[in-house]
Number of protein chains: 2
Amino acid sequence: MTANPFPRRAEPDVRRQGLIAACTRVLAREGAAGTSVRVIAREAGISPGLITHYFAGIDALISATYDHVDQTVAAAMAQAVDAAGSDPRARLDAFVTASFAPPIADRALLATWIAFWSLVTARPDIARQHDDQYAAYRARLTELLAACGVRCDHLRLAAISVTALVDGLWLELCLSPGCFTGTEAGVIARAHIDALLTRRA
Amino acid sequence: MTANPFPRRAEPDVRRQGLIAACTRVLAREGAAGTSVRVIAREAGISPGLITHYFAGIDALISATYDHVDQTVAAAMAQAVDAAGSDPRARLDAFVTASFAPPIADRALLATWIAFWSLVTARPDIARQHDDQYAAYRARLTELLAACGVRCDHLRLAAISVTALVDGLWLELCLSPGCFTGTEAGVIARAHIDALLTRRA
DNA sequence: CAGATTGTTGTACGATCGTTCAACAAGCTT
DNA sequence: AAGCTTGTTGAACGATCGTACAACAATCTG
């Protein structure tokens, strides 16, 4: 009855997703330095050789993991924005507030990001992947800001500004969780947006 | 004439500084992943075994490098602040503006920071070092903000806010230099401080 | 029930990792 | 000048890295 012609031991996509999930867990638990083929394979409950079979190499797996995490984040943000209704300001607030709560504010996510940043310096292709993903992030934020009535000629710097503030807060929140709370981060970000919007009016 | 009783091949402090400088250069050029004992030793023009002689291990060298870079940054910032004169607002502006110009906004610095962040997850002692250095950074910023008249009960969140914004801008400026300029980052940061100060008055 | 096909295993390989240590060399003391 | 102290070397070690590949097992075809 199944349409798949080769449903052997495990569906290829299921394996790939399983490997990505295992890679994410290892990245979170061991950090970028402790993430190796053997550790990931043990975490996924498979043989080390199978990783090379499904991915071109360990770098390709980490790249795919980054891509998957990025998509997960984007989806969670989009859902938070949609759940906020139709009021532009409420949607913008939901976007930044979601950044400081699970599953976004999470050490596992930070570990994945750091593992990637550490590759940006040496590998141009990964630098490009970072540029693309960040541009997409800013584009989504730009839409939300435009809907709130930010003037066109202020839009670019406004998006850069909010992105930087949210990122800085998110980074510190993950690195030093005891310093301030996610709620306080939300208060700071919304106050910054208040100032942005009133300056325009 | 020299007071040092054992000025053999090279002064111990000179060697240590040389190793730290070599480690900084390798970190910037190769990234955290490509930084090894042998590469650092070749960069410093010495034998691999000497590193273990001067530092407890490669981790201790990286830790010392982080510490040195942090002190260099703090010194550069302090100099920029002092050069701004005695006006509190001018001193605060100088602090944030210096963050987006050489030698602060530099890929080498970013690589060092990332190398350290990647160790925070797995090693509690390095997590503590990060917490301490960030607390010191916020303390210096808190002083500057207090001198500008920020109310006591707003001081903590104000410092966290400015720190996060400056860090976020600095991070993106180093990771994707083509996205916006250091001058634009300065404009954004000073506008944010404007909003902070006028809200208080 | 063969035979073909393919997911999966586990070992083996070469490279590189951080660290150790016996031997050497350079400077100080006597 | 001889002897001692100590910075420095470079080879060697065991561990671990990413990858390749022959053998095995499980499924599908006919």
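Chain letters run A, B, ... following the sequence lines, proteins first, then strands; residues in each count from 1.
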Between D:dT19, D:dT9, C:dT9, which nucleotide has the shortest distance from any of its atoms to the side chain of A:Leu50?
C:dT9
Below the 4.0 Å mark, does C:dC17 have OP1 or OP2 next to a side-chain nitrogen or oxygen of B:Ser36?
yes
Under 4.0 Å from OP1 or OP2 of D:dT8: is there any side-chain N or O of B:Tyr54 that close?
yes
Determine, for A:Asp93 against A:Arg89, whether the closest basic-nitrogen to carboxylate-oxygen distance falls under 4.0 angstrom.
yes
How many angstroms lie between atom CG of A:Leu27 and atom CD1 of A:Ile62, to the nearest 0.5 angstrom?
6.5 Å
Can you tell me which residue pairs pass the salt bridge (Lys or Arg N to Asp or Glu O under 4.0 Å) test with a partner in residues 48-65 of chain B, sequence neighbours excluded?
B:Asp59-B:Arg123
Among D:dT9, D:dT19, D:dT8, the one nearest A:Thr52 by side-chain distance:
D:dT19
Heavy-atom contacts under 4.0 Å between residues 56-65 of chain A and DNA chain C, which residues?
none
Please find the pair of heavy atoms, one from A:Ser176 and one from B:Asp131, that lie closest to each other, and give the distance.
OG-OD1, 2.5 Å
Does a side-chain N or O from B:Ser47 land closer than 4.0 Å to OP1 or OP2 of D:dT8, or not?
no
Distance-only side-chain donor-acceptor flag, A:His192 / A:Ser161, under 3.5 Å:
yes
Measure distances between side-chain N and O atoms of A:Arg38 and base N and O atoms of D:dG18, and say whether any donor-acceptor pair falls under 3.5 Å.
yes
Got a sec, which pairs hit salt bridge (Lys or Arg N to Asp or Glu O under 4.0 Å) with one end in residues 35-50 of chain A, sequence neighbours left out?
A:Arg25-A:Glu43, A:Arg29-A:Glu43
